[in-house]
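Heads up: the structure comes next, in structure tokens.
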Amino acid sequence: MSAMLAFNAIFVLQTIEKMMAFNSNTTMIQHLLEPLVCERFRSDKHYRDGHLRVVNALPRRRVLGLHAPEMKHVAATLSKEGAEVCVNGEWRTCRGGAEVIACFEEAGGELCHEEIVIWGFLINHEKCSVEQRLNLLQRYVPMIDNWAVCDSYCAHAKWMARVDKGLLWSFLQQWFSSEREFEVRFALVTAMCYLLNDDWLEPLFRRIDKLPFSSIKSEYRTERGKPLVPQQGTVQGAAPYYVRMGVAWLLATALDKFPERTRAFVTNSHLPDDVVRLYVRKARESRRTREVAAM
């Protein structure tokens, strides 16, 4: 039986036996996710370690090993059909995406990596007003503690392309001003995806030029060299590494769209030297800008 068929069968057959099998390591929808984990992740240590190194979740965050297509499928099914979920040891029947989101909010920090990604996808699936969606995001963004969660959410939040850009810009200001690494990265990646245009380029440049890198707190430790084990909570650059990389990525993307204005900004900016070096490296790595002068 394929992974997707197994998943659909489990949605139908959420039985008492599953509830009785609950233990303290079971997260909210883990019983729905585990059948979708590929056999190679389970049996091939090299493959599993490679996946964990790429995701680089914090040590406290359990990673089951799902990929984006499976998580998107789960989110779409939960949004339409709901599911039987486990919240703090209690089984509940959710009848649609909104009720599942409410359970995610209640479960909070006990969720695994994939559940946090799916939570974000569910917000994007909801049929609601912009104000209601922003309220859901207000409670979701503080849960982001990993680059993959952040970037997966932003890339799939296509509703942001249609929303009033002034409203979106205003919403992002609290996250630009945050002292938490991934709240700032959320603002950066969202702006890169949906505000990198003629109208908002200069306000965006001014905003990132004022980022107080030294005041932004990170839970990742800086260590040189490849981590001895995957998912040990380290990075190979100065903290907050994922904010610095977010700025570099935004600038490299801006270079492709607005080369002269981007070069002028970087030359006259107050950005740390290492951020500028990361930007130049990102620009050289991208096939769209590898032939474009970064400075």
Side-chain angles (χ1 to χ4, degrees), residues 54 56 68 124 137 141 144 146-178 181-216 218 220 222 235-295:
V54 169
N56 197 26
N124 291 336
L137 260 187
V141 174
I144 299 174
N146 170 260
W147 76 268
V149 175
C150 174
D151 297 4
S152 293
Y153 178 79
C154 296
H156 292 92
K158 302 304 183 184
W159 60 273
M160 290 184 179
R162 302 183 297 274
V163 77
D164 177 81
K165 297 303 184 287
L167 179 63
L168 182 59
W169 178 252
S170 296
F171 177 74
L172 292 180
Q173 296 317 299
Q174 61 184 309
W175 311 117
F176 273 120
S177 300
S178 173
E181 180 172 24
F182 290 101
E183 292 180 0
V184 181
R185 185 179 173 97
F186 167 79
L188 288 166
V189 178
T190 298
M192 181 189 72
C193 291
Y194 304 105
L195 291 171
L196 207 55
N197 55 46
D198 272 314
D199 293 335
W200 294 97
L201 187 66
E202 297 306 325
L204 182 53
F205 280 168
R206 289 194 297 270
R207 192 68 185 83
I208 65 175
D209 201 30
K210 296 179 181 178
L211 286 176
F213 291 90
S214 61
S215 300
I216 300 171
S218 175
Y220 285 82
T222 298
V235 291
Q236 297 182 46
Y241 177 76
Y242 288 106
V243 169
R244 294 174 189 272
M245 284 298 296
V247 172
W249 186 18
L250 184 153
L251 291 174
T253 305
L255 179 68
D256 177 50
K257 297 182 177 182
F258 307 99
E260 293 183 5
R261 293 164 71 181
T262 301
R263 284 193 291 266
F265 165 69
V266 174
T267 300
N268 296 290
S269 74
H270 301 90
L271 294 172
D273 290 344
D274 69 313
V275 173
V276 175
R277 289 194 295 270
L278 287 169
Y279 148 67
V280 173
R281 190 183 85 188
K282 292 288 287 184
R284 288 174 178 169
E285 290 174 347
S286 172
R287 61 179 177 81
R288 294 178 301 176
T289 53
R290 63 181 56 159
E291 304 297 330
V292 180
M295 299 292 290

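All figures in this text were calculated on a predicted structure; none of them were measured in a lab. Index from 1, following the sequence.
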Output, in order, the C-alpha distance, side-chain angles, deciding distance and verdict of side-chain contact (heavy atoms from CB on, under 4.5 Å) for Val243 and Phe213. CA-CA 8 Å; Val243 169; Phe213 291 90; 3.9 Å; yes
Less than 4.0 Å between a side-chain N and a carboxylate O, is that true for Arg281 and Glu285? yes
Tell me whether Asp198 is salt-bridged to Arg261, with the criterion being a basic N under 4.0 Å from an acidic carboxylate O. yes
How far apart are the C-alpha atoms of Leu278 and Leu251, what are their side-chain angles, what is the distance that settles it, and do they pass the side-chain contact (heavy atoms from CB on, under 4.5 Å) test? CA-CA 10 Å; Leu278 287 169; Leu251 291 174; over 6 Å; no
Which atom of [X] lies closest to which atom of [Y], heavy atoms considered:
| X | Y | value |
| --- | --- | --- |
| Val189 | Asp151 | CG2-OD1, 3.6 Å |
| Val54 | Trp147 | O-NE1, 3.0 Å |
| Ala294 | Arg263 | O-CG, 3.4 Å |
| Trp200 | Leu195 | CB-O, 3.2 Å |
| Arg244 | Asp274 | NH1-OD1, 2.9 Å |
| Leu204 | Ala191 | CD1-CB, 3.7 Å |

Calculate, to the nearest 0.5 Å, the distance between atoms CZ and CZ belonging to Phe171 and Phe176 respectively.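 Nearest 0.5 Å value for the CZ-CZ distance: 12.0 Å.
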Rounded to the nearest 0.5 Å, what separation is found between the CG atom of Asp256 and the CZ atom of Arg287?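 It comes to 9.5 Å.
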Within a strict 4.5 Å, meaning less than it, do heavy atoms of the [X] and [Y] side chains meet?
| X | Y | value |
| --- | --- | --- |
| Lys282 | Met245 | yes |
| Val266 | Met295 | yes |
| Tyr153 | Thr190 | no |
| Cys193 | Met160 | no |
| Val184 | Trp175 | no |
| Val149 | Phe182 | no |
| Tyr194 | Val163 | no |
| Trp169 | Arg207 | yes |

Derivation and outcome, side-chain contact (heavy atoms from CB on, under 4.5 Å), residues Leu188 and Leu211: CA-CA 11 Å; Leu188 288 166; Leu211 286 176; 4.2 Å; yes
Tell me if a side-chain donor or acceptor on Ser218 pairs with a main-chain N or O of Pro240 at a distance below 3.5 Å.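 Such a contact is absent between Ser218 side chain and Pro240 backbone.
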Quick one about Asn124 and His156 (side-chain donor to acceptor, distance below 3.5 Å, no hydrogens or angles considered), yes or no?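 Result is no, nothing qualifies.
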Any chance the rings of Tyr220 and Tyr242 have centres within less than 6.0 Å?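 Yes: the rings meet the under 6.0 Å criterion.
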Can you confirm whether Asp273 is buried at CG, in the sense that more than 12 heavy atoms of other residues, nucleotides or ligands lie under 6.0 Å from that atom? no
